[in-house]
Colleague: 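If you scroll down you'll find the structure; I have some questions about it.
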Amino acid sequence: MKKKFISALLLCFMLISNAIAHAAPTKDETVYVSMKNDGSTASIKIVNHLYNMDNSGEFTDYGKYTEIKNLTGALKPEVTGDYVKWNLTEIKEKDLYYEGSVDKELPVKAEIRYFLDGREFKAEELSGKKGKLKIIIKVDFKEEEGISPDLMAQVQVTADLDIFRNLETQGNKVVIGKTAAVNFVALPPEDAEFVLEMDGENIYLEPITITVLPASFNVPEDISKGIDSLTKGLGDMEKASDSLAEGMQQTITGTSELKSGMSQLNVGLNSIYRGSDEIYTQSQKLSSSMNEFEKGLKEISDNSSSLISGLKSLSGGINELSQRSHDIQKGLQGVHMGTKELQGGISGLKDGSLKLKEGHDKLSQVAALYANHPDPMVAAMAKGILGEKDGIDQLNEGLTKSSKAMKDLETSTGALSSGYNDFHGGLYQISSGMNKTAEEAPQLSSALNQLTAGFSSMREGSSKLFKGFGDINKSIGTVKNETSGLPGDVGKLVDGQQQIKEGMSKLGKEGIGKARAELQNNLNNSIIGDNKNPYNSFADNSRNKNSTVQFIMRTPGISKQEEKKEAVVQVEENKNIFQRFLDLFRR
């Protein structure tokens, strides 16, 4: 883009160059170069135009001409070495045109190559052929002592649209009717290469023209100021792009924070949705339980009359049980007292048995001594006493066990009596409570009916509330799903903003900055700069100070196949000056 901008700017100066006032120029020098189709030089002619002559004195033109021809009159100059002197007092015309032939190298070298369907051909071999034509044009500015000449070139290729189609090129294309003019601009100091591709049938090509002009000249003050404003504006744009990049960085930071917040929001929404879903699920279970409870409550309410009747019957039965329980309580107390007295008797009997056992044990010890007494009666009595010992021991052991059993029975009957006392007390309290409940039972039916009605209203309200939980849960789920992709979308936005920021930075530093620097450099060095060695003359650039120069270089072109005829010798007599100019490219 910047090269096209600079090229357009330079073209503007090329177009207005002849209208800019020079420091009293007296000669315009036009160099006509006949090129071969490959860009090499065939011949060079210089046409000089002298004007603003004061009809006095003489004019000296510097240059080593091989031939000088006056194109406007019969006056001949004085030629000495590389001096051409004209006696201006003898020139009657206002302007003087004269032609000179030179033999020297051009400051610009052209190379033109032709390809058809990828194969290289000489230009003359392409006449009448068909295929994809590719033309490569190179323009080299020759350096002298490491410095390129202060020149720029415009290349023009003309294509007949009846012959060619599908033109592909980076040059500027202008179509007028059935003719397309493709222009390229080569700017010093770098060499240039241009490519034109097009499909052709029965190929022929008009001459290729290369126009070379000085790239530096004096610019009027208003134009110079305008260019200064232009470069200053580019500098301001460069600074503005830096500010935009900084602002975009702040935007990126804010958007990144937005992305983080959206991620946290998404996490929170997921948690809320899970909680809301759990609430909705449990509310459905609770709603089901409330329905069942309402059914049970209604059933109780409907059966409250039977309940009241049952309570009254229960109260009467408990009262009767309480009265009979009192008799049982007294009987248990009597049993306890009887077992206690029986245990006392057994205990006394056990004590007597122990004393009996102690006395009999002593007697048994004596009987043992007489068990084998020779007197049979004594022995029998002793053995009888010993036999009684076993019975007394068993009796004593039985009484001991009976005493212990009666003691346990006494304890058990005592505990039973005490426990029954508690039972009787509780039964009495139950009886009192049931009596009170039976008295208040008629109010239960009304309370149950009110409770059932109230709970039914509460259940209906709860059902609406639970349905609201479902709607809320659904809405939260929708919000969660809709926002789940937002962090990624915001991330893409951050990436896009980063690319914009990088693009702004690149535009400012590599685009506008380089364009400004290159424009400033090219303008300073090529157009409005203080060029101390401007290119004024091809004949002799060092001495022809009051001179301007331009080069017009042309190839013969590729002729139509049917027009290949032997050249007809033209008679040069009675030709005007414009016909002679055209002849410069036919020689």
Colleague: If you take all heavy atoms of Tyr535 and Pro107, which pair is closest and at what distance?
Modeller: OH-CG, 3.4 Å
Colleague: Check whether Asp199 reaches the backbone of Gly131 with its side chain - one donor and one acceptor, N or O, closer than 3.5 Å.
Modeller: no
Colleague: At what distance, to the nearest 0.5 angstrom, does NZ of Lys45 lie from OG1 of Thr30?
Modeller: 15.0 Å
Colleague: Could you check if a side-chain atom of Lys560 sits within less than 4.5 angstrom of a side-chain atom of Asn202, using non-hydrogen atoms only?
Modeller: no
Colleague: For the CG atom of Asp540 and the CD atom of Glu29, what is their distance to the nearest 0.5 Å?
Modeller: 9.5 Å
Colleague: When rounded to the nearest 0.5 angstrom, what distance separates OH in Tyr51 from CG in Asp95?
Modeller: 9.0 Å
Colleague: With heavy-atom distances below 4.5 Å as the criterion, would you say the side chains of Gln156 and Thr211 are in contact?
Modeller: no
Colleague: Just so I know, are the side chains of Ile137 and Leu196 near enough to count as touching, which here means a heavy-atom distance under 4.5 Å?
Modeller: no
Colleague: Taking all non-hydrogen atoms of both residues into account, name the closest pair between Met152 and Pro214 and its distance.
Modeller: CE-O, 3.9 Å
Colleague: Do Ile44 and Phe538 make a side-chain contact, defined as non-hydrogen atoms from C-beta onward lying under 4.5 Å apart?
Modeller: yes
Colleague: Indicate the ring-plane relationship of Trp86 and Tyr98, choosing parallel, tilted or perpendicular according to the 30° and 60° boundaries.
Modeller: tilted
Colleague: Taking all non-hydrogen atoms of both residues into account, name the closest pair between Ala159 and Leu167 and its distance.
Modeller: CB-CD2, 4.5 Å
Colleague: Can you confirm whether Asn37 sits close enough to Glu124 that some side-chain heavy atom of one is under 4.5 Å from a side-chain heavy atom of the other?
Modeller: yes
Colleague: What's the shortest heavy-atom distance between Leu205 and Tyr114, and which atoms?
Modeller: CD2-CE2, 4.4 Å
Colleague: Distance-only, no hydrogens or angles: does the Lys545 side chain make a donor-acceptor pair with backbone N or O of Ser542 under 3.5 Å?
Modeller: yes
Colleague: Output yes when Asp117 and Lys132 qualify as a salt bridge under the 4.0 Å nitrogen-oxygen rule, no when they do not.
Modeller: no
Colleague: So, Ser547 side chain and Asp28 main chain: donor-acceptor pair closer than 3.5 Å or not?
Modeller: no
Colleague: Between Lys85 and Thr80, does a side-chain contact (heavy atoms from CB on, under 4.5 Å) hold up when you go through it step by step?
Modeller: CA-CA 8 Å; Lys85 292 184 180 181; Thr80 305; over 6 Å; no
Colleague: Look at the rings of Tyr62 and Tyr83 and say which category their plane angle falls in: under 30° parallel, 30 to 60° tilted, over 60° perpendicular.
Modeller: perpendicular
Colleague: If you define the side chain from C-beta out and look only at heavy atoms, does anything of Phe551 sit under 4.5 Å from Val108?
Modeller: no
Colleague: Restricting to non-hydrogen atoms, name the atom on Pro207 and the atom on Arg554 that form the minimum distance, rounded to 0.1 Å.
Modeller: CG-NH2, 3.5 Å
Colleague: Find the distance between OG1 (Thr60) and CG (Asn546) and round it off to the nearest 0.5 Å.
Modeller: 11.5 Å
Colleague: Checking Ser34 side chain against Ser43 main chain: does a donor-acceptor pair fall under 3.5 Å?
Modeller: no
Colleague: Taking all atoms of both residues into account, what is the closest heavy-atom pair of Phe194 and Val185, and its distance?
Modeller: CZ-O, 3.5 Å
Colleague: Got a donor-acceptor contact below 3.5 angstrom from the Lys64 side chain to the Lys104 backbone?
Modeller: no
Colleague: Give the intermediate values and the outcome of side-chain contact (heavy atoms from CB on, under 4.5 Å) for residues Asn172 and Val174.
Modeller: CA-CA 7 Å; Asn172 298 312; Val174 179; 5.6 Å; no
Colleague: Working to the nearest 0.5 Å, report the span between CD1 of Ile203 and OG of Ser559.
Modeller: 12.5 Å
Colleague: Hey, does Asn48 have a side-chain heavy atom less than 4.5 Å from the side chain of Tyr65?
Modeller: yes
Colleague: Does Thr72 offer a backbone N or O that forms a donor-acceptor pair with the side chain of Asn70 under 3.5 Å?
Modeller: yes
Colleague: If we only count heavy atoms from C-beta on, is the Gln154 to Asn183 side-chain gap below 4.5 Å?
Modeller: yes
Colleague: Apply the test side-chain contact (heavy atoms from CB on, under 4.5 Å) to residues Asn536 and Asn544: give CA-CA distance (whole Å), side-chain angles for both, the deciding distance (0.1 Å), then the verdict.
Modeller: CA-CA 7 Å; Asn536 297 320; Asn544 289 330; 5.7 Å; no
Colleague: Working note: Thr179 + Glu206, criterion side-chain contact (heavy atoms from CB on, under 4.5 Å); need CA distance, chi angles, decisive distance, verdict.
Modeller: CA-CA 11 Å; Thr179 301; Glu206 295 291 338; over 6 Å; no
Colleague: Take atom CG of Asp162 as the centre, draw a 6.0 Å sphere, and report whether it contains more than 12 heavy atoms from other residues, nucleotides or ligands.
Modeller: yes
Colleague: How many angstroms lie between CD in Glu201 and CZ in Phe164, if you round to the nearest 0.5 Å?
Modeller: 11.0 Å
